[in-house]
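First up is the structure itself, then whatever we jot down about it.
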Protein chains: 2
Amino acid sequence: MTSRSTYHHGDLRQAVLAAALDVIAADGPGALSLRDLARRAGVSHAAPAHHFKDRTGLLTALAAQGYGLLAETLAAAPDLRERGVRYVRFAVEHPAHFQVMFQPDLLRADDPDLLAAKERASAELRAGVAGLTDLPDARTAGIAAWSLAHGFATLLLTHNVRDALGDSDPEDYFRSLTGLLFAGQLPLAEGE
Amino acid sequence: MTSRSTYHHGDLRQAVLAAALDVIAADGPGALSLRDLARRAGVSHAAPAHHFKDRTGLLTALAAQGYGLLAETLAAAPDLRERGVRYVRFAVEHPAHFQVMFQPDLLRADDPDLLAAKERASAELRAGVAGLTDLPDARTAGIAAWSLAHGFATLLLTHNVRDALGDSDPEDYFRSLTGLLFAGQLPLAEGE
DNA sequence: TCATCATCTTGTCACTGACTAGATAGTGCG
DNA sequence: CGCACTATCTAGTCAGTGACAAGATGATGA
């Protein structure tokens with residue numbers, strides 16, 4: 001921004017990451033161009049490559065950052081429901097990260113930083129059902145809860161529940177969802 | 001494929017759509033190139049443009065086709081659980097369609113064909129909870145069920161439940177998920 | 001002071017999407 | 001039958017992009 005006189009940018013890596021988040025939030029990952037990001041940061045078209053190697057590298061770095069943020073968001077949630085609420089909150093507050101994190105074909109799956117951050121987030125997710133020792137299969141229970149939160153978050157970001165939501169807060173709506181489900185009010189079969 | 005002697009391809013539209021599905025299923029929508037699809041179909045690089053106008057048009061056509069297939073898959077399911085199972089089945093059998101359908105930034109949101117197909121699928125989803133007249137809010141119930149199925153399907157396609165699944169069939173696993181949830185065995189709060 | 005290294009620039013290549021103009025084939029209408 | 005009309009496809013072109021290579025610049029430390 002401030003017309004720099006120095007040859008070096010100073011913090012190009014962060015500048016590019018931040019600009020990438022803006023672009024993705026606005027127009028999706030497909031609209032992301034390394035050259036455009038370079039222009040926004042005021043550097044030459046090939047400068048970002050030194051920090052991220054290539055487009056996939058940049059997206060992988062974003063995803064790793066996202067998993068780190070998710071782990072922070074989930075940390076020390078009081079109970080399972082609240083963990084789900086925070087999962088939804090993360091998706092709402094970091095839509096660009098969320099999108100990239102769950103598109104494996106955009107990422108370098110074997111990246112060490114990505115794997116580490118993913119493991120941290122995964123541990124937080126597992127911690128949500130760890131205390132439920134009375135369950136026959138805690139892992140399956142965890143996936144059930146994860147599916148619900150992830151599905152709602154995804155439908156939210158893809159504008160598929162916009163009209164049902166109305167003016168209500170997404171997090172509150174999700175709370176009511178879980179309430180409805182777990183009150184056993186929703187018969188699965190033979191509703192007639 | 002068969003070295004055509006005629007000037008016209010015959011069914012270029014279908015050929016391009018089919019090739020696009022292959023590419024997307026293999027490497028994601030980002031790897032899709034109109035010129036590559038043209039090469040695969042054995043036509044000139046600009047031929048597909050006549051059928052789909054541009055890249056977004058092609059993806060929109062794919063999404064519309066997907067919503068149509070989804071509506072067919074969901075039609076006349078016996079009960080709500082089975083509707084969820086079929087939703088998961090659709091995602092497994094048509095991963096390329098599923099991916100494109102839920103990335104709005106790739107699509108032309110106001111396309112008439114897309115909107116019509118989406119409405120058909122949406123009607124099938126709503127039909128799943130229509131009979132449950134004892135519910136206070138059928139719409140919220142529908143979103144709860146949709147979230148669960150969509151979340152599981154998404155996590156499945158993004159390879160996030162692979163190890164938990166083991167050798168078991170995804171549809172069976174989803175049935176057990178719903179059983180676990182609706183048996184009320186999963187306490188949301190104060191699990192201690 | 002000077003060597004070393006990370007950072008950034010410049011130049012280049014093949015590829016892509018989009019657009020244009022024109023060639024070719026099928027279709028209906030007289 | 002012949003002729004216009006339209007859909008389909010070809011060929012050529014342009015700007016933008018990712019990736020790579022080689023060189024310039026500045027910071028760091030011995």
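In what follows, chains carry the letters A, B, and so on, assigned in the order in which the sequence lines appear, proteins first and then strands, with residues in each chain numbered from 1.
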From the set [options], return the single nucleotide nearest to any side-chain atom of [X].
X     : options                : answer
B/A46 : D/dT17, C/dC19, C/dT9  : C/dC19
B/V43 : C/dG11, D/dT17, D/dT10 : D/dT10
B/H45 : C/dC8, C/dA18, D/dC20  : C/dA18

Would you kindly give the [atom1]-to-[atom2] distance between [X] and [N], to the nearest whole Å?
X     : N      : atom1 : atom2 : answer
A/H50 : D/dA21 : NE2   : P     : 14 Å
B/F52 : C/dG17 : CZ    : C1'   : 15 Å
A/D36 : C/dG17 : CG    : C1'   : 17 Å
A/K53 : C/dA6  : NZ    : C1'   : 17 Å
B/L32 : D/dT17 : CG    : C1'   : 17 Å
B/L12 : D/dC9  : CG    : C1'   : 8 Å
B/R13 : D/dC9  : CZ    : C1'   : 16 Å
A/R35 : C/dT9  : CZ    : C1'   : 12 Å

#### Entry: Pair A/R81, A/T178: side-chain N/O donor-acceptor within cut-off below 3.5 Å
yes

### Task
Using distance alone, with no hydrogens and no angle criterion, decide if B/Y173 and A/T140 have a side-chain donor and acceptor under 3.5 Å apart.
yes

#### Entry: Aromatic contact, A/H94 with A/F90 (centres under 6.0 Å)
yes

### Task
Determine, using ring centers only, whether A/F152 and B/H150 are less than 6.0 Å apart.
no

### Task
Using the closest heavy atom to pick a nucleotide of DNA chain D for each, name whichever of A/T56 or B/H51 lands nearer the 5' end.
B/H51

### Query
Considering only heavy atoms from C-beta outward, does the side chain of B/E171 approach that of B/R86 to under 4.5 Å?
no

### Query
Checking all strands, does A/A49 fall into the base, sugar-phosphate, or nothing category for heavy-atom contacts under 4.0 angstrom?
nothing

### Query
Would you say B/S33 reaches C/dT16's phosphate, i.e. side-chain N/O to OP1/OP2 under 4.0 Å?
yes

